[in-house]
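Here the structure comes first, spelled out in structure tokens, and everything after it is commentary.
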Amino acid sequence: MLRHILYRQLRQHRGRISLLVLLQFAQTAAALYLPEINADIIDDGLLAGDTGEIVRLGGVMGAVTLLQALGALGALYLGSRLATDVGRDLRDEVFRQVLTLSVQESGRFGVPSLITRTTNDVQQVQALVAMGTTLLVPAPIMCVGGVVMALDQDVPLSSLLLVSVPALGVVSVLITRRMRGVFRGMQDRIDEVNRVVREQIAGVRTIRAFVRDADERQRFGRASGDLRDVSLYAGRLMALMLPAVMLIANLSSVAVVWFGGHRIDDGDLRIGALTAFLGYLAQILASVMMATLIFMVVPRAEVSAERIQEVLATKPAADRPSGTVARQASGRRVLLEIRGAEYRYPNAQEPVLRGLNLQVDAGAVTAVVGSTGSGKSTLLGLAARLHHATAGSVLVDGTDVRDLDPRSLARLIGYVPQQPYLFSGTIASNLRYGSPNADDEELWHALEVAQARDFVAELGLRLDAPVAQGGANFSGGQCRRLTIARALVPRPRICLFDDIFASLDHATAARLRASLAEETKGSAVVVTTQQVSTVRHADRVVVLDQGAVAGSGTHAELLHSCEAYRQLAVSQPEAEVLA
């Protein structure tokens, strides 16, 4: 998974990667040449007493050092830009994929996990790219070049590398193999912490109402403690890596001095050559340590890449096929038609909706009533293409929603969900969400129809008044009316209203029903509710009972012909529903 993601992201930066490798090669070659110059200074300058040679070689060393610094700075700049670009592109790819997921697919991952995968998991892959371009590219060059230069200094002494380098490799493999499972557990626990924090912030009123502050602190403490324990274990494994590597490096240096000293005494090795060999040994071991650092990051990046790929590989249930068509208004009388529709949530034993047939004509109001859990909101979700029917079909303006371009569908449908939601910004930006080019006059008209004009006009900034995330600075009824106005701004031909009168008082609800009736005269309107009094004047009432149609007709007809509807009416306090 990691290789697949890196290949897909890096192949579009081939030119930059080529320049980066060239700079890394230049700075590594310069670093490998420095011990050779140092050996010549010792042998040909200091031991020979030749000051001029020392000055000349010192100038060469300065020039090579400058070349090394420039190459390192250029490579570091390009590597950082490359890593941030990869992180940006990957984050954008995940975010775009999340936007295409249906409700049940998002629920399968969970909002906290999707947040972690879009942020923290992408950061792990980005960190690997940053470290890889900084450390992994020069590591093999330095290791191979160091071995060649060490052999050039003294072949017998180089036999020590046959012990030290494999020993470092074995230690690195043993430690990094255990890190993979640890890092997967760490990412899962980050998901859990995000979930707990999100629930506590969103449900802070409920927590305080039931005085559960102490219990929630304990719950967060447990989640945070689990993350701490896993992080500490991972930290211990990582902390074990550096001492083990340094131990092998220091023992190798001692062995080189020990055996090299004897060879100097025997006249088989120059002092400068021994100094250069120690420098090359340090560079070889440093290259192995750099690779080791990459190996420490790779397990966590692999886990994160797998989690990212799980999201990217998810095929949206409501994804449009290649044969998508765009539709213009056709003037048909039947704007919304549901034919034998069934919907079943993933892994559910029973369908939420089954055998559903429904026609909604232009200019008609169809009310869908039923008890909690009867499938009313799911029915509207099928029409709005939030999810697709697992059997049967849903047609909008004569075209199956599977074949209809989403933008065309959005122009036809105005949808108000059961739970109102406003985005952070202004009232105007929220109202223009479905119609960016709407002018202020259209916005005020929609607000007037939704019975929201008065309270918006009283705000100091009026249409430019700020809106907090989720509409937290407005009451539930105000949020409801603003979401209704948002759905009305594009003048939709099909209006889907999911229990929109639930949070409104009777007087406001009555005015809203009257204004909506006037505004939507030529549109097909579907209203879901549990309140029978709300649908008394609907052109048609459809009764849902456990996902199936239990009755269909007018209010008066259903009171006599449908037992489920009559029981729902009798259970409500409004006396007029039986009139």
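Not a single donor-acceptor pair under 3.5 Å links the side chain of Arg486 to the backbone N or O of Val416. Formation of a donor-acceptor pair under 3.5 Å by the Ser523 side chain with backbone atoms of Pro492 is found in this model. Side-chain atoms of Gln124 do not come within 3.5 Å of backbone N or O of Asp121 as any donor-acceptor pair. A donor-acceptor distance shorter than 3.5 angstrom exists from the side chain of Arg14 to the backbone of Arg11, with no hydrogens or angles considered. Checking side-chain atoms of Arg481 against main-chain N and O of Ala452 turns up no donor-acceptor pair under 3.5 Å. Put simply, the side chain of Asp191 never gets that close to the backbone of Thr116: no donor and acceptor are under 3.5 Å apart. Judged purely by atom type and a 3.5 angstrom limit, Ser224 has no side-chain atom pairing as donor or acceptor with the backbone of Gly221. Of the possible polar contacts, none joining the Thr508 side chain to the Asp505 backbone as a donor-acceptor pair under 3.5 Å is found. Side chain of Gln97 to main chain of Val311: a donor-acceptor pair is present (N/O by atom type, distance under 3.5 Å, no hydrogens or angles). The backbone N or O of Leu544 lies less than 3.5 Å from no partner atom in the side chain of Lys376, so there is not a single donor-acceptor pair.
Minimum interatomic distance between Val401 and Ala383 (heavy atoms only, all atoms of both residues): CG1-O, 4.2 Å. In plain terms, the two heavy atoms of Arg540 and Leu358 that are nearest each other are NH1-CD1, 3.8 Å. Residues Ser552 and Val542 share a closest heavy-atom pair of OG-CG2, 4.1 Å. When all heavy atoms of Val360 and Ala524 are compared, the pair lying nearest together is CG1-CB, 3.5 Å. Across Val122 and Gly87, no two heavy atoms sit closer than the pair CG1-O, 3.5 Å. Shortest non-hydrogen contact noted between Asp499 and Gln418 is OD2-NE2, 3.7 Å.
Two residues are said to be in side-chain contact when any heavy atoms from C-beta on lie closer than 4.5 Å; Arg411 and Pro490 fail this criterion. In this structure, Phe220 and Val197 have side chains that are in contact, with non-hydrogen atoms separated by less than 4.5 Å. Put simply, the side chain of Gln126 reaches to within 4.5 Å of the side chain of Arg91, judged on heavy atoms. Using a 4.5 Å heavy-atom cutoff, the side chains of Ile338 and Asn357 are not in contact. Taking 4.5 Å as the limit, every side-chain heavy atom of Val394 sits out of range of all side-chain heavy atoms of Arg385. Side-chain contact between Val98 and Phe109: absent, with no pair of heavy atoms (C-beta onward) separated by less than 4.5 Å. Taking the side chain as every heavy atom from C-beta outward, Glu93 and Ile5 never approach each other to under 4.5 Å. Using a 4.5 Å cut-off on side-chain heavy atoms (C-beta onward), Leu482 and Asn430 make no contact.
Rounding to the nearest 0.5 angstrom, the gap separating the CD atom in Glu519 from the SG atom in Cys495 is 8.5 Å. With rounding to the nearest 0.5 Å, the separation of OG1 in Thr520 from CD1 in Ile494 is 12.5 Å. The distance from the OG1 atom of Thr483 to the CG atom of Leu488 is 9.5 Å, given to the nearest 0.5 Å. Put simply, CG on Leu90 and CG on Asp85 are 12.5 Å apart, with the number rounded to the nearest 0.5 Å.
Under a cut-off of 6.0 angstrom, the local environment of CD in Gln200 is crowded, with over 12 non-hydrogen atoms contributed by other residues, nucleotides or ligands. The environment of CZ in Phe95 is sparse: at most 12 heavy-atom neighbours from other residues, nucleotides or ligands sit within 6.0 Å. Residue Arg453 places its CZ atom among more than 12 non-hydrogen atoms of other residues, nucleotides or ligands, all under 6.0 Å distant. The number of heavy atoms from other shown groups lying within 6.0 Å of CD (Gln469) does not exceed 12. Atom OH of Tyr433 has 12 or fewer neighbouring heavy atoms from other residues, nucleotides or ligands inside a 6.0 Å radius.
Remark: Asp188 engages Arg307 in a salt bridge (charged side-chain N to carboxylate O under 4.0 Å, His left out) (not counting sequence neighbours). Residues passing the salt bridge (charged side-chain N to carboxylate O under 4.0 Å, His left out) test with Asp539: none are found, sequence neighbours excluded.
Between Asp92 and Arg96 there is a salt bridge, since at least one side-chain N of the basic residue sits less than 4.0 Å from a carboxylate O of the acidic one. Using a 4.0 Å cut-off between charged side-chain N and carboxylate O, Arg189 and Glu192 make no salt bridge.
Side chains of Ser393 and Asp400: no donor on one and acceptor on the other come within 3.5 Å. Inspection of the Thr528 and Asp498 side chains reveals an N or O donor paired with an N or O acceptor under 3.5 Å. No hydrogens or angles considered: nothing links the side chains of Arg511 and Ser515 as a donor-acceptor pair under 3.5 Å.
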So Ile484 and Arg480, side-chain contact (heavy atoms from CB on, under 4.5 Å) or not? Walk me through it.
CA-CA 6 Å; Ile484 295 172; Arg480 171 71 66 188; 4.1 Å; yes
Using the side-chain contact (heavy atoms from CB on, under 4.5 Å) rule, take Arg432 and Val489 through it: C-alpha gap first, then chi angles, then the decisive distance, then the call.
CA-CA 7 Å; Arg432 290 192 176 101; Val489 169; 5.8 Å; no
Show the numbers, then the answer: is there a side-chain contact (heavy atoms from CB on, under 4.5 Å) between Leu443 and Ile427?
CA-CA 9 Å; Leu443 302 188; Ile427 291 179; over 6 Å; no
For the pair Arg491 and His445, evaluate side-chain contact (heavy atoms from CB on, under 4.5 Å) and give the outcome as yes or no after the intermediate values.
CA-CA 11 Å; Arg491 301 292 180 91; His445 175 74; 3.3 Å; yes
Using residues 458-465 as the side-chain source, report each donor-acceptor pair under 3.5 Å to any protein atom, sequence neighbours left out, with the distance given to one decimal.
none

